[in-house]
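What follows is a short report on a single structure.
In each ligand, atom 1 is the first atom listed, and ligand 1 is the first ligand listed.
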Amino acid sequence: MGYVGLIQSIGLAEIGFEVVGVEIDKEKVEKLNKGIPTIYEKGVEELLKRNLSRLEFTSSYEKIKECDVIFICVGTPQDKHGKPNLNFVFSAVESIKNNLNDGYKIIAVKSTVPVGTNRKIREILKEEEVDIVSNPEFLREGSALEDFFNPDRVVLGFENEKKEKAKEIMLRIYKSFRDKGVPFLITNWETAEMIKYASNAFLATKISFINEIGNICKKLGIDVYEVVKGMSYDKRIGKEFLNAGIGFGGSCFSKDVKALIAKAKEIGEEARILEEVIKVNEKQPLKIFEIIRRKGIDLKNKKVAVLGLTFKPNTDDVRESRAIVVIKKLLEEGAIIYASDPMGIENMRKIFPENENLKYLFDPQEAVDKSEIVLLLTEWPNFKELNFGDKLIIDGRNIVPKEKRKNLNYEGVCW
Ligand code: UGA
């Protein structure tokens, strides 16, 4: 019942299915059964409460005996070699294996897993009366329920064309999407697995691409956001995911791109573009410090407001947030930090506990007022309204509206 599992459970319950959510953390189970969300995500509380009669959360795998389709939604965190750690996946598979009854079941893999994983799961379950379906997830945090009900596509990978029964059941599960005209791609396991990685890698590439263009534009005195506007009229280019700034964070892009690079290496291929995507992204938040250096500012004992701790707005998730890189470097350079975020403070505290050089303030205006330099790292809408006075503002996400900039001591990170 992590991010993917909870959204899938609530979403399927809302459509009308009876759903059992298995979660080993008993505290989470207790909360969810009471209708208390365990993640922050728009709409989750309402839908969870509304569908409690069709939802049952439990720590016992026993319950899956009653289910026809089992979705595996466990995390695949990155190991120290940049590869996804599949321990949770295989342990879930073992637990499923130990709790199957005689009837036919489908096991649908929603976790992001490297090419070849669905085949390995089949190996483990070779004696069982199950079909394995690769059903990758394309949700975005912050709009996960919206994405669940209005997906751009549904991808279903099967062992082979003979799996008519599995196909028929999976299509029935997502019938309401098909009725709405959502495109379905029916393919094999490996292709489905690769679609997920290639999609995330492409989106990450767009971001690093535009950041590189932005860096060049800044030196040439050009506004990259104007450039993107001009580019985006070309239908082949579009305007999505071309917001230049301090780079991508979150639990997926960096992990998935690195996993794809690792897979390429494993098979003796190079993934040169993807390697650069990661390198550009790692350097991008450091552009802030280039600007500070260029202005001849010594950060020792300088008071700096860090506004925006989450990896994007409308979530409390700080995983791989650019703010982590920025705070670390500010602390190294001896700055005094006033950090603020509407939702991310509690999670960031776990990474950087408060100390004499780092204070968390809920009110962003207070953080601004106490500081000499203001860093804007996440595009929370309320940051636009702040009164910056004559402080140096370094905008990492194109937050301050253009007309407001003229009267400010303002620098965009790459515009
Ligand atoms: C991403 C994908 O967008 C989802 O399709 C995918 O399902 C998900 O990963 C996953 O694999 O689980 P998510 O990480 O929730 O979703 O967030 P995004 O909206 O993609 O943003 C990721 C990061 O890129 C954020 O830090 C955001 O600020 C940054 N970004 C995004 C940019 O810097 N520029 C842009 O133009 C867009």
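Proximity of Lys206 to ligand 1 is not established, as no heavy-atom distance is less than 4.0 Å. Ligand 1 is never approached by Glu240 to a heavy-atom distance shorter than 4.0 Å. Distances from ligand 1 to the non-hydrogen atoms of Gly247 include at least one value under 4.0 Å.
When only non-hydrogen protein atoms are considered, atom 7 (O) of ligand 1 lies nearest to Leu139 O, 2.7 Å. Counting protein heavy atoms only, atom 10 (C) of ligand 1 is closest to Cys252 SG, 3.0 Å. The closest protein non-hydrogen atom to atom 27 (C) of ligand 1 is Phe311 O, 4.1 Å. Considering only non-hydrogen protein atoms, atom 24 (O) of ligand 1 sits nearest to Phe248 CB, 3.2 Å.
Any N or O atom pair closer than 3.5 Å counts here, and Thr112 shares no such pair with ligand 1. Ligand 1 has no N or O atom lying under 3.5 Å from any N or O atom of Leu203, backbone or side chain. The N/O atoms of Glu379, backbone and side chain alike, include none that comes under 3.5 Å of an N/O atom in ligand 1.
Within ligand 1, the atoms closer than 4.0 Å to a non-hydrogen atom of Glu137 are 7 (O), numbered from 1 in the order shown.
Between Lys263 and Glu266 there is a salt bridge, with a side-chain nitrogen of the basic residue lying less than 4.0 Å from a carboxylate oxygen of the acidic one.
Other residues, nucleotides and ligands contribute more than 12 heavy atoms inside 6.0 Å of the NZ atom of Lys180.
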